[in-house]
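If you're wondering where the values come from, they're calculated on a predicted model, not measured in any experiment. In what follows, chains are A, B, ... by sequence order, proteins preceding strands, each numbered from 1.
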Protein chains: 2
Amino acid sequence: MSEKVSSRKQQVRAEDVARHAGVSRVSVSRTFTPGASVSDATRAKVLKSAEILGYRVNRLASSLNRSESGIVALVAAEIDTPHRSAMIAELSDRLQAAGKVTMLINTSGYEERVKDALLQAISFRTEAAIILSGAPDPSLADTCFSNGMKLVLINREEDFPGSLQIGPDNRAAGKTALKALLRAGCKRIALANSANATWSIVERQKGFIAAAEEAGVDVLCEVDGFTSYQAGLELGTALLDREDRPDGIFCTTDLIACGVIDAARQRFGLRTPDDLSVIGFDNIQQAEWEGYDLTTFAQPTDLIIDKCLEWCTTEQPSSETVKLPAKFVWRNSVQKARVPMR
Amino acid sequence: MSEKVSSRKQQVRAEDVARHAGVSRVSVSRTFTPGASVSDATRAKVLKSAEILGYRVNRLASSLNRSESGIVALVAAEIDTPHRSAMIAELSDRLQAAGKVTMLINTSGYEERVKDALLQAISFRTEAAIILSGAPDPSLADTCFSNGMKLVLINREEDFPGSLQIGPDNRAAGKTALKALLRAGCKRIALANSANATWSIVERQKGFIAAAEEAGVDVLCEVDGFTSYQAGLELGTALLDREDRPDGIFCTTDLIACGVIDAARQRFGLRTPDDLSVIGFDNIQQAEWEGYDLTTFAQPTDLIIDKCLEWCTTEQPSSETVKLPAKFVWRNSVQKARVPMR
DNA sequence: CTGATTATTGTACACGTTTGCATCTGCATA
DNA sequence: TATGCAGATGCAAACGTGTACAATAATCAG
C-alpha cells in the first residue's frame, strides 16, 4: 500500500487542526494570535484539537510574514570561561524573559568565524546580534544594518556607527585598583596582564598605569601569555621570583589572579593577604572560593543587560556608547588599609 | 511625501538581486542552491549583485519549504557551571562544524521551564533537542515526535522510547573511585554528595557504595545541600570535623571536591594528598589548577558528542541507550598507592 | 419588527524561498 | 536537415502563517 510516504508530511499544520475542529484555518491562526477576534466557542474547539494533535504554531512561517523573527544572536568565543559563561547564562535568561529566543554562535578558533557568525545571523533574520568577543568587519556591519539587524558590542570599542557599544569603565577600575593597593600600604606594586588581551583588558592596564604615574609610583609590568589561569601561574612565578619581589599585584582578570595566588601559595609558600595583596577583575565564581577570597571588580552585568535589551527593543536606536561603573568587591586578598584614607 | 514608509521593506530579497542583475528570480535561488543548474555567466552576475546589495538567503523562508530548519535546540540549566559550560562550548562548536545552528534555551529557575523550552523548540521546527538537564513530560515528548523532532537526553535515564539517552558509565566510575581509594591505603572512606543530585550523580554514589559493600568496607555518607562548591565546603567541614575523620573522600562532582579540599586546607590545615585523598568527577578546568590538582574522572565528552551528532543526522534513528566509559584522570589529590595492586 | 451596530467568520493575498515541469537554446550526431 | 540531447531558464505551485477586507451572523435600540 502507501509505499511512497511523502517524507514532508511530518508536521502538524494549522489546517489539520482546523479540519479536526471543524472550523476554518484562519480561526486557528486567530486563536493563537493575541488580540485577534474569535468566539469563545471556536477558540475552545481549536485549543482542544490542537492539544490532541500536538499542534504548535510554526514560528518560521509566522516570522516570515510578520518580519519579526524574535531571534537574537549571541556571538562569543571561549564560552567555557567563567566570566563568559556567566554572561551568557544571564543574557540568555533575560532574553528569554523578554520573549526572545537566543541563537548561540561559538566563534572560538580562527578569527574569520565572527564574520561567518554574522552572516549566519543575517540568514536567520536575527533581530539583533550581541557580540561578546571579536569585532566585525565594518562593511559586514553595513550588510547587517541593510537587513534591519541591530548590533551590540560588549566590551569592545571600535568606531561602529549604528551600534550600541557597552561595557564597564575599565580605566576607572584600573585607577581604583591602584589606589586600593597604595592604601593597603604596598611598596612594590606590579601589574600582571595577558599579552593577547582584548581592548577592554588593555584599558584596565592603562588606567592602572596612568594612576600610578599620577601618584608618582613605579609599577612593574609583567605581560605575557593568554588570558588564562595558566598564564596567571606563569606571570605570578616570574614576578615573585624577582629580587625586588612585589607585595601588591593588580591582575587584569580574575583567572590571572587565581593563577598568581596559586603561584604564590604553591610555589613560594606565600599567602594572601599577609605576604601579598592581589586584585582581580570580573568577579567570577572562583573569586568567592575560600582558597582565593579575591578582592576584585564585579562587571555591572545587570546594568549592561538592561541597557542592551532596552536598546534592542526600541524602534530606531541611535548609535550609542555606554560606560558603566564596575563595582569594587572587597574580600580578603588585599591587606587591610594601613594608610589612612585621603 | 512618502509619509507612509512601509516598515516591512527592510530586507533584501532575491527579487531585488534578480532585478539588479537582470536575471530571473529563480536564477538567484539556484545560484545559492548547491547542485542547481545555472550557467557560470548568470551565477557570476548574481553573486556580484548579491555582494553589492548585501543579500543573504532568508533561511526562515528556505526552511519553510524544505522542511529542514538546520536548528538544534540545546536545553540546559545552570549554564555558568564549569562542566556545563564546557559541554555547551563543545557541543555548539561541533554542531556548527556539522552545519547546524544552535538555539540555546536556559532552563534555570522553575522546573516548568523545560516544558516551555521544548514547546519553543517545536515552534521553531528544531531538528533535534539535546537536553542537558531536566527531563520532559512523556506526553510532551510525543508532541515532539509528532512534529518530526529528535530527542537526546544527556546524563539522564528515563524511559523514553524514540530518544537517544547517553552519558558516562557512572556506576563503573563509582566503583573505580572506591578501588583507587583502597589502593591508596585509605582506612576511613567517605562519600560527599549533594542532596539535590541528578540521576546521573546518584548513580555514581550507588556504584561507589555497591563496590564498598562488595569489598566489605564501611563508607561514611555525607549527603546535603546542592551540587555546588559551597555545598562541598559544608560537606567537607562536616566530615573533617568528626571524631573518626575520614582519610579518603569520593566527591560526586569536581565542584564539591574543590569545596572539600578548600575546607580541608583553609579550615583544618589539612593537605591533599598527605592528610587526605580526594577524588572528584567531571574534570572541570579547576581540577587542573595547581591549588587543587584533583584526581577525577573525565566525562567522555567527545564520544558523547560524536554519537549525538551521528544519531541526530540519521534518517529514522531508533531508540537507544548508550553508556560510555569515563576516563580516570590521575593527578595528585590521592595518596600514591601504598597497597600493591591485585 | 426594522435598521443600526458589533462580533465573528471567510476569502484572498502576501511573506521569501525551493522545485517539478515545460520551454528554449545550442550543439553534436545520424 | 532533421533528430536527439544536455544544459540553462522561466512559470507556477508549493511551504505554513498573518491580516486587510468583505461578508455574514448576532445583538440591541427604537
Side-chain angles (χ1 to χ4, degrees), chain A residues 4 6-46 50 53-71 122-126 146-148, chain B residues 4 6-46 50 53-71 122-126 146-148:
Chain A
K4 183 145 191 175
S6 161
S7 75
R8 324 240 349 189
K9 172 66 183 119
Q10 281 270 30
Q11 319 195 356
V12 184
R13 316 193 290 300
E15 193 169 343
D16 300 331
V17 178
R19 190 173 12 251
H20 185 275
V23 301
S24 140
R25 187 185 57 79
V26 286
S27 296
V28 178
S29 173
R30 290 196 171 105
T31 299
F32 294 105
T33 304
S37 155
V38 215
S39 75
D40 292 345
T42 49
R43 154 171 284 124
K45 280 193 287 185
V46 167
L53 270 58
Y55 170 74
R56 290 259 103 198
V57 175
N58 184 336
R59 289 198 58 179
L60 297 179
S62 146
S63 304
L64 192 52
N65 68 355
R66 307 204 320 169
S67 52
E68 283 181 8
S69 67
I71 311 179
I122 296 176
S123 282
F124 279 91
R125 296 305 187 264
T126 291
S146 72
N147 281 80
Chain B
K4 183 143 190 178
S6 159
S7 74
R8 328 244 339 196
K9 171 65 185 122
Q10 280 271 28
Q11 320 196 356
V12 185
R13 316 192 291 298
E15 192 169 345
D16 301 330
V17 178
R19 188 170 15 247
H20 185 274
V23 301
S24 139
R25 189 172 54 79
V26 285
S27 295
V28 177
S29 174
R30 289 197 171 105
T31 299
F32 294 105
T33 304
S37 155
V38 215
S39 74
D40 291 345
T42 49
R43 155 171 283 125
K45 282 193 286 186
V46 167
L53 271 58
Y55 170 74
R56 291 258 102 198
V57 175
N58 185 335
R59 289 197 59 178
L60 298 178
S62 147
S63 304
L64 192 52
N65 68 355
R66 307 205 320 171
S67 54
E68 283 180 9
S69 67
I71 310 179
I122 296 176
S123 281
F124 279 91
R125 295 306 187 261
T126 290
S146 71
N147 282 79

Quiz prompt | Pairwise salt bridge (charged side-chain N to carboxylate O under 4.0 Å, His left out) hits with a residue in residues 18-28 of chain A, at least two apart | solution = D16(A)-R19(A)

Quiz item: Can you tell if the side chain of Y55(B) reaches within under 4.5 Å of the side chain of N147(A), non-hydrogen atoms only?
Solution: no

Quiz item: Can you tell me how far C1' of dT17(D) sits from CZ of R56(A), to the nearest Å?
Solution: 15 Å

Quiz item: Reckon S29(B) has a side-chain N or O less than 4.0 Å from the OP1 or OP2 of dT17(C)?
Solution: no

Quiz item: Excluding sequence neighbours, so at least two apart, what forms side chain to side chain contact (heavy atoms under 4.5 Å, CB included) with T126(A)?
Solution: I71(A), A73(A), M103(A), A121(A), F124(A), M149(A)

Quiz item: In whole angstroms, how far is the P atom of dT17(D) from the CG atom of N58(A)?
Solution: 5 Å

Quiz item: Quick one: are N58(A) and S123(B) in side-chain contact, heavy atoms under 4.5 Å?
Solution: no

Exercise. Check whether any side-chain heavy atom of S63(B) sits under 4.5 Å from a side-chain heavy atom of E68(B), and report yes or no.
Key: no

Self-check item: Interatomic distance where CD1 belongs to I122(A) and C1' belongs to dG16(C) [whole Å]
Solution: 16 Å

Quiz item: To the nearest 10 degrees, how far apart in direction are the end axes of the helix from dC1(C)-dG30(D) to dA30(C)-dT1(D), each fit to five base pairs?
Solution: 40°

Practice problem: Specify the separation, in whole Å, of atom CZ of R66(A) and atom P of dG16(C). | Solution: 15 Å

Self-check item: Candidate nucleotides dG16(C), dG16(D), dT19(C), ranked by approach to the side chain of R13(A) - the nearest
Solution: dG16(D)

Practice problem: Rounded off to whole Å, could you give me the CD-to-P distance for the E15(B) and dC15(C) pair? | Solution: 9 Å

Practice problem: Nearest whole angstrom, please: distance from the P of dG16(D) to the CG of L60(B). | Solution: 15 Å

Self-check item: Protein-nucleotide distance (E68(A), atom CD; dA14(C), atom P), rounded to Å
Solution: 21 Å

Practice problem: Starting at atom CZ of F32(B), determine the distance to atom P of dG16(C), rounded to an integer number of angstrom. | Solution: 16 Å

Self-check item: Shortest non-hydrogen contact from S62(A) toward V57(A)
Solution: CB-CG1, 4.4 Å

Practice problem: Can you tell me which residue pairs pass the side chain to side chain donor-acceptor pair (under 3.5 Å) test with a partner in residues 28-41 of chain B, sequence neighbours excluded? | Solution: S39(B)-T42(B)

Quiz item: Is there a donor and acceptor pair, one atom on the side chain of N65(A) and one on the base of dT17(D), closer than 3.5 Å?
Solution: yes

Practice problem: Measure the CG-OG distance between L60(A) and S67(B) for me, rounded to the nearest 0.5 Å. | Solution: 11.0 Å

Exercise. Give Y55(B) one of three labels, base, sugar-phosphate or nothing, depending on what nucleic acid heavy atoms sit under 4.0 Å from its own.
Key: sugar-phosphate

Exercise. Scan nucleotides 7-12 of chain C nucleotide by nucleotide, 5' to 3', and note B when protein non-hydrogen atoms come under 4.0 Å of the base, S if they reach only the sugar-phosphate, - if neither.
Key: -BBBBB

Practice problem: Find the distance between NZ (K45(B)) and NE2 (H20(B)) and round it off to the nearest 0.5 Å. | Solution: 12.0 Å

